Number of protein chains: 4
Amino acid sequence: MSSPDFIRLDSTDSSPIYVQIERGIRAAVATGRLPKGAQLPTVRELAVALRVNANTVAKVYSELERNGVVETRRGVGTFVAEVVPSLPQERVSREALRDFAARVLEDAAARGFSREDFVAELETQLKEEKRA
Amino acid sequence: MSSPDFIRLDSTDSSPIYVQIERGIRAAVATGRLPKGAQLPTVRELAVALRVNANTVAKVYSELERNGVVETRRGVGTFVAEVVPSLPQERVSREALRDFAARVLEDAAARGFSREDFVAELETQLKEEKRA
Amino acid sequence: MSSPDFIRLDSTDSSPIYVQIERGIRAAVATGRLPKGAQLPTVRELAVALRVNANTVAKVYSELERNGVVETRRGVGTFVAEVVPSLPQERVSREALRDFAARVLEDAAARGFSREDFVAELETQLKEEKRA
Amino acid sequence: MSSPDFIRLDSTDSSPIYVQIERGIRAAVATGRLPKGAQLPTVRELAVALRVNANTVAKVYSELERNGVVETRRGVGTFVAEVVPSLPQERVSREALRDFAARVLEDAAARGFSREDFVAELETQLKEEKRA
DNA sequence: GTGGTCTAGACCACG
DNA sequence: GTGGTCTAGACCACA
């Protein structure tokens, strides 16, 4: 658990570090790579592994706890919540998906990618992961 | 030209306003919705239409000019560049596409979307646009 | 780092302040006076030292970051990039050098300088710097 | 005289068009390519040739006339002044030359050119012109 | 009327 | 304390 293989900090990503970390953890939980009840690395471990300020990691953990994604047992550690909280309905609504998808397509085009190539690449990655 | 239908400011998007505007314009140019040589709305027009400070729009235009996406003719206006510059090689490389796609998938999962649903939605949107 | 000895604002120079600052920093980086990894003065420091608005300096820093000349570490400061990007090929091409040189010669003549005197002065300055 | 071969508008030059034109004419006069008494193209001719607004050319001519570089004979045309005015002493002073040279070297470095290559190129161009 | 520059000042995100 | 974003408003250069 000391190797945070579920998080890749990307210096070309303009989003703040804490957002990248939170996104990585949320995604790992959502996809089951971090199963319910699994223990997360300690704040210090993760901070050292990612070469990041410990405060930054602590901020992420506390936010995740507020949202019920993880649970902290004092003196023991931090664990993926047993009951994964249903996200606020609004966020996963059909409309939210459409908006998010539209924005992503726009972003891909703005970066100079062919949108068709981009979607094809997404499918490839999804398939590869299933096989693995 | 006075109706900036190619830009939607999204308050749920955490990226700064000027990034959203820039992304919208770049995408419109890349997909041909803003053809080469077309005049962009004036700084002030777009500022009013988006309810944004004129400096914010001006910042976007000047960045786009720096990158050769648009050309400004002094005292005349801003136009889509006749020769749209090939983006720096690095950005459109195969590797860049993979990284971007991976990040997007992660983001989708972190937001609580099923990645399969998400990719399906992307395809739907692409097809709809072609038909239109 | 608090004394911006690598920048001289020249009121007889018609180019905008932010261009002069950017040129100074780029030159300092290119010639090694600002070595890789070195910290630049903070935005506010440089603004005070040059008696310029902080936004003006911030604009320069952000342009330099966009071009990969510097890296900003959030909440920490701004540093010369470890890998200084090779300028877009076009700019350093032989042709670009010819054009730039031609323009400079023209400018010197237009200002009333003998072009021979001017080139001689350039050589003198280059030699002096090497000796120092 | 309808082909303004002594002026090259450079879209990569950030200085305003009227400055570029004025610089070109001043340089042509200073180097003798436009000898004393020679007739300049008419405002309209030059405007058409350079694809520039006639007002822009007119502005240049009137400024050059104010400075005594050219003379306008009503109904006849515009001519290089017989007595080339000595520029204000300050501009051609030794100190001004040093400052200008320093700025040029800085600019060359900032553009990614080796300053040695740059100075060598200047010499080459000077020699070539003499031979021609 | 067009875009460009600069200032002043506020507020925020980050570490 | 760092840089980033945005606003408001002024003034200028350009055509």
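A note on names: the letters A, B, ... follow the listed sequences, proteins ahead of strands, and every chain is numbered from 1. Only a predicted model underlies this, so the values are computations on that prediction, with no experimental measurement involved.
The shortest side-chain heavy-atom distance between C:L34 and C:L40 falls under the 4.5 Å cut-off.
Here B:Q20 pairs with nothing under the side chain to side chain donor-acceptor pair (under 3.5 Å) rule; sequence neighbours left out. Residues forming a side chain to side chain donor-acceptor pair (under 3.5 Å) with D:E65 (at least two apart in sequence, or on another chain): D:T72. With sequence neighbours excluded, no residue forms a salt bridge (charged side-chain N to carboxylate O under 4.0 Å, His left out) with B:R44. For A:E63, the side chain to side chain donor-acceptor pair (under 3.5 Å) criterion is met by no residue, not counting sequence neighbours. Residues that satisfy the salt bridge (charged side-chain N to carboxylate O under 4.0 Å, His left out) test with C:R73, not counting sequence neighbours, are absent from this structure.
The nearest whole Å value for the distance from the CG atom in D:L46 to the P atom in F:dA15 is 13 Å.
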Under 3.5 Å, which donor-acceptor pairs do the side chains of residues 51-61 of chain C form with other protein atoms, sequence neighbours left out?
from, atom 1, to, atom 2, distance (Å)
C:N53, OD1, C:N55, N, 2.7
C:Y61, OH, C:P41, O, 2.7

Handout entry: Bracket notation of DNA chain E in which parentheses pair within the strand, [ ] cross earlier pairs, and | pairs with another strand (Watson-Crick or G-U, under 3.5 Å)
Key = ||||||||||||||.
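Each salt bridge (charged side-chain N to carboxylate O under 4.0 Å, His left out) pair with one or both residues in residues 10-20 of chain C, not counting sequence neighbours, appears once here: C:D10-D:R103, C:D13-C:R23, C:D13-D:R103.
Among the heavy atoms of the strands lying under 4.0 Å from C:V52 are primed sugar atoms or P, OP1, OP2 only; no base atom is included.
Donor-acceptor pairing under 3.5 Å, judged by distance alone, is present between the side chain of B:N53 and the base of F:dA8.
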Using the 3.5 Å cut-off, write out each protein N or O paired with an N or O of nucleotides 2-4 of chain F and the distance between them.
from, atom 1, to, atom 2, distance (Å)
F:dG3, OP1, C:V43, N, 3.3
F:dG3, OP2, C:V43, N, 3.1
F:dG3, N7, C:R44, NH1, 2.9
F:dG3, O6, C:R44, NH2, 3.4

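Close to F:dA15, at under 4.0 Å from its OP1 or OP2, lies a side-chain N or O of D:T56.
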